[in-house]
Amino acid sequence: MAQEEENLADPFAIPNFWKSSAWLDEAFLGDEGKNPLFSLDFSQKPGVLVSGNASIRETHVPLDAGISIDEPAVDGFFKLPSVLRELAAKESDTLTETPSSISIDDELQEAPIVEDVWLGAGEVPTKIPKLKTWDELERDDRAPTSAAFITEAGPAAFDALLGEGRDDHSATSEVIDDAAYTACLLALALGRSSLLFSWNPEKKSFVKTEPCLRTLGLSLQSLGGIDQLFVECANALKQLTSFAERTYSSSSTPTRVALAGAVDRLVQAVQSEINSRGQAARSLLQLQAIVRPAHTVLTFFRNLVGKLAKQKSEEKILSLLFQEAQSAEYQSVMLQEVAREVLRLVSKPWTDFVEEWVGLKAEGGAPISKTGPGKGFVKVADKIWIDDLGYELEEPDYFLDEDKLPSFVPEETARAAFEAGRNMRFLREHHPDHALSNQQTITGSNPPGLDWKFDWDSISELEDKAKQFHSDLSRVLENARQGRTIAVTTSRPKELDNPWKFEFFGESDTQISNNVLASINRLNQPLSNNLARDGLSTLLREKLYPDPGQALDSTRLDPHWSLAALLSFGPIINAQSSIVNRECMRMLFSAHELRLHIDLLKQHFLLDNGLLCSRLTHALFDPELETAERKSGVALGGGVMGLRLGGRDTWPPASSELRLALMGVLSESYDPPKGSNPRVRSTIASRSFASDLPGDLSFSVRDLSPEEIDRCMNPDSLEALDFLRLSYRAPPPLRPIITPAALVKYDRIFMSLLRVLRMLYVVNQLFHDVPLSGRREQQPTNASIRFCIEARHFVRQIATYFFDTGIVTPWRRFDAWLDSVEAESLSDEPSASGGKSYSPDVLRERQEQVLDEILSTLLLRKRQAPVLKLLEETFTVILRFAKLLRMDVLGSGTEKGDTPERLYASFKKKVEVFLTVCKGLGEKAGSGKSRHADGQGRPVENAIEQLLLLMDMSGFYARKQPGREYMGMDGMVSG
């Protein structure tokens, strides 16, 4: 300013051209202000702009200003061009009248406009019309103006603002180059240390070596937020890498190793993407945008791995991973897809084991057997049964360990997989020459592997593959049964047709050179070709940084997670299970004569053979047979011998007596079923010993407790024959069906029916003993005759109910069901039941269900013990009456206090109480809540009602008489 004041004071000083031009502009615009050269004089009308200092000259003044100044110098560096001097001379006359004032209203309008002062005097410039467009309007050709905000002023202005107001003792930050800081952050995002960031083992985190270091244009607080993002990303990488290394170094389970492998792939893929994209970043904001998606994925899996590492078992890891993948469904699409892929990778060892167990692929390592420790959800342990003899039977078998199953596996799928694997080992153990025992038969049919499917298209494709596999394998098995072979086409790649081909030995030099060059070319292929086969790496490359223009499919509707396992594993497991179960059932019916053994049990244990019942009755009870008892000095006769129960003083018989009396009873009375093998029928017809029967069927002695032995010592007690039992041992292939538990039920039924058989013989014998007992009294008493009639009616109706309603009716339904199962299993046509297959386990359950139904009808269930006790007490009264008649005939006296009248009254009362209780049970069962059904779901009629109808059709026992006691509904005696 001082320099300018000197120039204005000096009349010969020449002001700066641009300053004088600015003053002229202000004068032209009528802005008075503090212009040192011009001022506005309002004393004249109109107002005239008056020069404030006429002595100041300018070397160049615009001609269109209309201002009178002294003539400029004609010589020198600042002289005017000739054109300007001529124009100035022409207008000198008009300017001399008012040298120091200018009329703004008139003179400005008459001033000529010279667009280009460098044109010649005779040249007239031509105006070229311009094209008016919106782009011209939007383009800003004005001179740049000063920034209105400090954020627009650049990093230097922001740094100046940060440093303003700080004293020398305050904490100041140092500035580093952006490129160097970006490089350090990129290394940190990759989980590596650098000059600015290093790993702190104590804090278990990356820390900044220079906390006050920053970049140009960023505050420490803003930079701290960016640093925190990168530090969290680096810590997550460090923790995930450490987890993978620890898992690989320690002895871990296959599922943990698969989890470590998935984490390792994820870390490598994320690092590769960050490194490749981070190299192209030119600012911290670009690098931050690159790291943020990776930070989301890494922190999610860091938290997930932290939870999975605490789990102790493989099934817990898979269950928790399934839950976390399901929760990721409600987060970003990227996490959803990545979580599904990790679940698929970690579940691979478990799915491989299931494939090996059900037979879809060959077993790796030692195969699972009954002598091994088991594996996964298959547990090998001793199955322990305690039979009615008190013996413990132990046999190793496979068991489904439900605790070792992941929570996402449906119960029906797990049961189908377990049964398929157990039946597959049954075929390999007992039928090694079967087609399914050869793994190549199944592998050649291209079975689809077990894998997770999360969309409907994949599920539909899997179902089609499962149906095709079922059809191909069924065709192969059918041709194998008929002795034909069929070529199975496989989808193996061409390069695997001969993987172990020798490429050097026996080849020419040219061929060897070509092979070496081809090998080198294969090794020179980029690593990305190998990584492309990694689904997780491919998925991360596609989803981590998606194309901004890629539209998301928001209309896709995937199946619910609760159905994912069923839809992913169910089709192939059901297809394999259907084939294996059908072949297993075919072997049981054809090779192992299952129907022959079941019919044997029905004839002997259920006394369905009439000839057997007749022979056994005479051998046990007929007093006309020769005794098998050995006496000193008495030789045994050569006739038919029997035990003569009720006609002897010593009891129980010796084992030699049992052999002599029961010899040939079983074998001579056995009738093989009509549908059995003719060879088997001819073999059985030629047998003469019971040991030749299927299952080594024979009579044996039951092991009893001391109390039970005491009751058996009395030949007149109801328990006198409880020591006699049938011994049967199922062949090993049939033990999964005819289990010891089922044999115990058969034995309980046989013991009950044997008592009924004895009671039938006793009541029939009463009509022979009553007339004999009346010889001394001239005629039998009325009570004796009524007792004989009612006792025979009661026992016969009980026997009819036991045999017809209790055994024949339910067994007829079971036999019809067996016929349909056998026909379907032996048929060459596909299953006619809509794909339903029957397994040995289903057959075992159906047989036990029939036995339970028989036990319930025969009042042998535990909850029916009070009713059975009433029936046994009634039988005991009849036996006491029979003993009374027998002793009266023999003249050996009677039991103290026993008379026909008292026994008849006791019998009548017990029958009435028994029927009253049965009536209450029938009314309870008739409500429908306790009505059971057969194996096909059809309701079974109330058996107790049939018993009441047989026993008291006319209502004789229901008539109440004074002084009678009746059994209430609650089983207690009232009155």
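These values consider heavy atoms only, across backbone and side chains, with no hydrogens, waters or symmetry-generated copies.
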* Kindly determine whether S578 and R582 satisfy side-chain hydrogen bond (donor to acceptor under 3.5 Å, both in side chains), including the steps that lead there. => CA-CA 6 Å; S578 174; R582 185 178 181 182; over 6 Å; no
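- Counting only distance, with no hydrogens or angles, the side chain of N521 and the backbone of L517 share no donor-acceptor pair below 3.5 Å.
- Between the S568 side chain and the K453 main chain, a donor and an acceptor come within less than 3.5 Å of each other.
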* To do: Apply side chain to side chain contact (heavy atoms under 4.5 Å, CB included) to L223 and L284, showing your working.
  => CA-CA 9 Å; L223 196 61; L284 291 180; 3.8 Å; yes
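- Between L536 and A262, the shortest heavy-atom contact is CD2-O, 3.4 Å.
- Using a 4.5 Å cut-off on side-chain heavy atoms (C-beta onward), E314 and K404 make no contact.
- Atom CG of L237 is separated from atom CD of Q271 by 5.0 Å, given to the nearest 0.5 angstrom.
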* To do: Evaluate the criterion salt bridge (Lys or Arg N to Asp or Glu O under 4.0 Å) for residue pair R475 and D472; output intermediate values, then yes/no.
  => CA-CA 5 Å; R475 187 173 66 256; D472 294 343; 3.3 Å; yes
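- Annotation: the span from L539 atom CG to L544 atom CG amounts to 9.5 Å, rounded to 0.5 Å.
- The shortest side-chain heavy-atom distance between L405 and F418 does not fall under the 4.5 Å cut-off.
- More than 12 heavy atoms of other shown residues, nucleotides or ligands fall within 6.0 angstrom of atom NZ in K370.
- The closest side-chain donor-acceptor pair between Q279 and N275 falls under 3.5 angstrom.
- S537 and R541 form no side-chain donor-acceptor contact under 3.5 Å, judged by distance and modelled atom types alone.
- S319 and E315 get closest at one heavy-atom pair: OG-O, 2.7 Å.
- Put simply, OG on S347 and CZ on F569 are 6.0 Å apart, with the number rounded to the nearest 0.5 Å.
- Of all heavy-atom pairs spanning C233 and A189, the tightest one is SG-O, 3.8 Å.
- By the 4.5 Å heavy-atom criterion applied to side chains, L450 and I573 are counted as neighbours.
- In this structure, the side chain of S252 does not engage the main chain of Y248 through any donor-acceptor pair within 3.5 Å.
- Other residues, nucleotides and ligands contribute over 12 non-hydrogen atoms within 6.0 Å of the NZ atom of K208.
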* To do: Would you sort out whether I176 and L196 count as a side chain to side chain contact (heavy atoms under 4.5 Å, CB included), showing the intermediate values?
  => CA-CA 11 Å; I176 190 175; L196 299 182; 4.2 Å; yes
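- Atom CD1 of I737 and atom CE of M585 lie 6.0 Å apart (nearest 0.5 Å).
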* Step-by-step salt bridge (Lys or Arg N to Asp or Glu O under 4.0 Å) determination, R735 to D397 -> CA-CA 11 Å; R735 287 177 188 172; D397 199 0; over 6 Å; no
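- Looking at S327, its side chain does come within 3.5 Å of a backbone N or O of E324 through a donor-acceptor pair.
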* **Chi angles and distances behind the side chain to side chain contact (heavy atoms under 4.5 Å, CB included) call for V267, F301** => CA-CA 10 Å; V267 169; F301 280 96; over 6 Å; no
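- When all heavy atoms of I459 and P559 are compared, the pair lying nearest together is CD1-CG, 3.7 Å.
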* To do: Assess whether salt bridge (Lys or Arg N to Asp or Glu O under 4.0 Å) is satisfied between R425 and E363, documenting all intermediate values.
  => CA-CA 12 Å; R425 277 143 191 82; E363 296 187 48; 2.8 Å; yes
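- Residues V338 and L266 have side chains in contact (heavy-atom distance under 4.5 Å, counting atoms from C-beta outward).
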* Please lay out, stage by stage, how E341 and E337 fare under the test side chain to side chain contact (heavy atoms under 4.5 Å, CB included). => CA-CA 6 Å; E341 184 63 27; E337 298 292 338; over 6 Å; no
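- Distance alone, capped at 3.5 Å, places no donor-acceptor pair between the N438 side chain and the T441 backbone.
- Contact detail for L335 and A328: the closest heavy-atom pair is O-CB, 4.1 Å.
- Residue L345 holds its CG atom at 12.5 Å from OG1 of T255, rounded to the nearest 0.5 Å.
- Using cut-offs of 30° and 60° for the angle between ring planes, the W357 and F353 rings count as parallel.
- Proximity of a side-chain donor or acceptor of S276 to a complementary backbone N or O of E273 within less than 3.5 Å is detected.
- In this structure, F322 has its ring center closer than 6.0 angstrom to the ring center of W561.
- Looking at Y838, its side chain never comes within 3.5 Å of a backbone N or O of L843 through a donor-acceptor pair.
- Using a distance-only test at 3.5 Å, with no hydrogens or angles considered, no donor-acceptor pair links the side chain of S474 to the main chain of S471.
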* **salt bridge (Lys or Arg N to Asp or Glu O under 4.0 Å) assessment of R415 paired with E411** => CA-CA 6 Å; R415 181 65 60 181; E411 181 180 358; 5.4 Å; no
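- The shortest side-chain heavy-atom distance between Q286 and T182 does not fall under the 4.5 Å cut-off.
- Annotation: K465, atom NZ; neighbour count of heavy atoms from other residues, nucleotides and ligands within 6.0 Å does not exceed 12.
- For the ring pair (Phe, Tyr, Trp, His ring centres under 6.0 Å) with F206, the qualifying choice from W199, F197, F230 is W199, the only one to do so.
- Residues N446 and F469 have side chains not in contact (no heavy-atom distance under 4.5 Å, counting atoms from C-beta outward).
- Annotation: side chain of V358 is not in contact with side chain of M424 (no heavy-atom distance under 4.5 Å).
- Nearest heavy-atom pair, Y398 versus I368, reported as atom, atom and distance to 0.1 Å: OH-O, 3.7 Å.
- Here CD1 of I290 is found 11.0 Å from CG of L285. Values are rounded to the nearest 0.5 Å.
- Contact of the R428 side chain with the Q439 side chain is registered, since non-hydrogen atoms from C-beta on lie closer than 4.5 Å.
- Sparse packing is recorded around CG of L195, with 12 or fewer heavy atoms of other residues, nucleotides or ligands lying under 6.0 Å away.
- Side chain of T351 to main chain of K348: a donor-acceptor pair is present (N/O by atom type, distance under 3.5 Å, no hydrogens or angles).
- Looking only at distances, a side-chain donor or acceptor of T247 sits under 3.5 Å from a matching main-chain atom of F243.
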